[in-house]
**Q** 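Take a look at the following structure, please.
Positions are given from 1 along the sequence. Reckoned from all heavy atoms, side chains included, excluding hydrogens, waters and symmetry mates. Keep in mind that this is a model prediction, so the values were computed, not measured.
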Amino acid sequence: MSQSTPGPDHPQVAIVFGSPSDTQTMSKAGATLERFGVPYEQVSLSAHRAPRTLADYVGQLRARDISVVIAGAGLAAALPGTIAALTTLPVIGVPISGGALDGMDSLLAIAQMPPGVPVATVGLNNSTNAAILAIQILALADPDLGLKLAAFKDEFEQAAADGLSAAAAAGSQP
């Protein structure tokens with residue numbers, strides 16, 4: 001298990017992934033959380049190779065004031081569902097491309113959880129959206145974070161409007 005805790009604050013989000021090879025995909029979640037000032041920790045921990053260690057780790061999340069888990073997994077994609085089975089915290093699954101089906105197996109495994117064990121699922125390799133969803137969950141109890149999120153959405157919309165205006169201006173030139 002490798003772990004890093006950016007920033008001096010206690011982490012609010014745990015980013016967990018099954019293999020060090022998933023670091024690049026999942027680092028986008030960390031970068032997004034950093035943009036909003038949300039402290040997080042990042043751990044590589046396999047549901048298959050270290051199930052007892054995973055259970056111990058998940059069992060301590062709530063006591064350490066972690067509020068949301070982002071779990072990335074490829075191939076068999078058991079990690080998000082295993083974490084969801086072990087905690088009542090919200091779990092956001094990130095299916096990671098790879099293998100013979102290029103991530104479709106991961107997407108279906110994470111999305112098709114049995115009743116009572118929900119995992120919110122984002123698109124393939126989209127740990128950025130997983131972080132935004134985690135921020136939306138945290139913003140329910142944090143008005144300042146909600147303001148940052150609203151400003152982000154406004155900037156996002158403004159960038160789209162600016163792109164449309166630029167395209168229209170380019171189309172009207174001789």
Side-chain angles (χ1 to χ4, degrees), residues 1-47 54 57-58 60-62 64-75 77-98 103-104 106-111 113 117-160:
M1 174 171 69
S2 66
Q3 183 171 337
S4 64
T5 306
D9 298 323
H10 296 299
Q12 292 179 283
V13 176
I15 301 172
V16 186
F17 44 91
S19 170
S21 64
D22 301 332
T23 302
Q24 183 176 356
T25 298
M26 298 305 292
S27 68
K28 294 174 184 132
T32 303
L33 293 168
E34 286 175 16
R35 177 178 178 179
F36 284 86
V38 175
Y40 68 94
E41 66 184 28
Q42 184 169 290
V43 178
S44 176
L45 189 56
S46 171
L54 177 64
Y57 173 76
V58 173
Q60 297 169 11
L61 291 174
R62 189 175 290 280
R64 293 189 308 107
D65 293 326
I66 297 289
S67 298
V68 181
V69 179
I70 298 172
L75 302 177
L79 185 63
T82 301
I83 293 172
L86 294 169
T87 186
T88 57
L89 294 173
V91 177
I92 304 165
V94 179
I96 297 176
S97 295
M104 290 306 296
S106 302
L107 175 63
L108 293 173
I110 295 171
M113 293 301 299
V117 189
V119 174
T121 308
V122 297
L124 286 172
N125 300 323
N126 202 339
S127 67
T128 299
N129 268 0
I132 296 295
L133 181 54
I135 292 163
Q136 289 175 322
I137 292 167
L138 295 171
L140 292 170
D142 183 340
D144 291 335
L145 190 56
L147 291 173
K148 288 180 186 179
L149 187 60
F152 168 79
K153 297 276 186 164
D154 288 345
E155 290 169 18
F156 198 72
E157 184 172 353
Q158 187 59 51

**Q** I need the minimum non-hydrogen distance between Tyr57 and Ala14, along with the two atoms involved.
**A** OH-CB, 3.4 Å
**Q** Does the Lys148 side chain pair with the main chain of Phe36, one donor and one acceptor, at a distance under 3.5 Å?
**A** yes
**Q** Apply side chain to side chain donor-acceptor pair (under 3.5 Å) to Gln158 and list each qualifying residue two or more places apart in sequence or on a separate chain.
**A** Asp162
**Q** Nearest 0.5 angstrom please: Ser127 OG to Ile15 CD1, how far?
**A** 7.5 Å
**Q** Once rounded to the nearest 0.5 Å, what's the spacing between atom CE of Met104 and atom CG of Leu124?
**A** 6.5 Å
**Q** Stepwise, does the side-chain contact (heavy atoms from CB on, under 4.5 Å) test hold for Gln42 with Thr23?
**A** CA-CA 9 Å; Gln42 184 169 290; Thr23 302; 4.1 Å; yes
**Q** With rounding to the nearest 0.5 Å, note down the distance linking CZ in Phe152 to CZ in Arg35.
**A** 5.0 Å
**Q** Rounded to the nearest 0.5 Å, how far does CD1 of Ile96 lie from CG of Asn126?
**A** 11.5 Å
**Q** Output all residues satisfying side chain to side chain donor-acceptor pair (under 3.5 Å) with Ser97, sequence neighbours left out; order by chain, then residue number.
**A** Asn125
**Q** Any chance you could lay out the side-chain contact (heavy atoms from CB on, under 4.5 Å) test for Val13 and Val69, step after step, and finish with the verdict?
**A** CA-CA 6 Å; Val13 176; Val69 179; over 6 Å; no
**Q** Under 4.5 Å between any side-chain heavy atoms of Leu33 and Lys28, yes or no?
**A** no
**Q** Please list every donor-acceptor pair under 3.5 Å in which a side-chain atom of residues 133-145 meets a protein atom from a residue at least two apart or in another chain.
**A**
from	atom 1	to	atom 2	distance (Å)
Asp142	OD1	Asp144	N	3.1
Asp142	OD1	Leu145	N	3.1

**Q** Within the distance-only criterion (no hydrogens, no angle test), does the side chain of Thr121 pair as donor or acceptor with the backbone N or O of Gly93 below 3.5 angstrom?
**A** no
**Q** Could you tell me which non-hydrogen atom of Val122 sits nearest to which non-hydrogen atom of Pro95, and how far apart they are?
**A** O-CD, 3.2 Å
**Q** If you look only at distance, which donor and acceptor atoms sit under 3.5 Å apart when one is on a side chain in residues 78-87 and the other is two or more places apart or in another chain?
**A**
from	atom 1	to	atom 2	distance (Å)
Thr82	OG1	Ala78	O	2.8
Thr87	OG1	Leu89	N	3.1

**Q** Sequence neighbours excluded, which residues qualify as side chain to side chain donor-acceptor pair (under 3.5 Å) partners of Gln60?
**A** none
**Q** If every non-hydrogen atom of Ala29 is compared with every non-hydrogen atom of Ala131, which pair is closest and at what distance?
**A** O-CB, 3.5 Å
**Q** What residues form a salt bridge (Lys or Arg N to Asp or Glu O under 4.0 Å) with Arg62, not counting sequence neighbours?
**A** none
**Q** Which residues satisfy the side chain to side chain donor-acceptor pair (under 3.5 Å) test with Ser19, sequence neighbours excluded?
**A** Ser21
**Q** Rounded to the nearest 0.5 Å, what separation is found between the CZ atom of Phe17 and the OG atom of Ser27?
**A** 8.5 Å
**Q** For the atom pair CD1 (Ile70) and CE (Met26), what is the distance rounded to the nearest 0.5 Å?
**A** 6.0 Å
**Q** For Glu157, what residues pass the salt bridge (Lys or Arg N to Asp or Glu O under 4.0 Å) criterion, not counting sequence neighbours?
**A** none
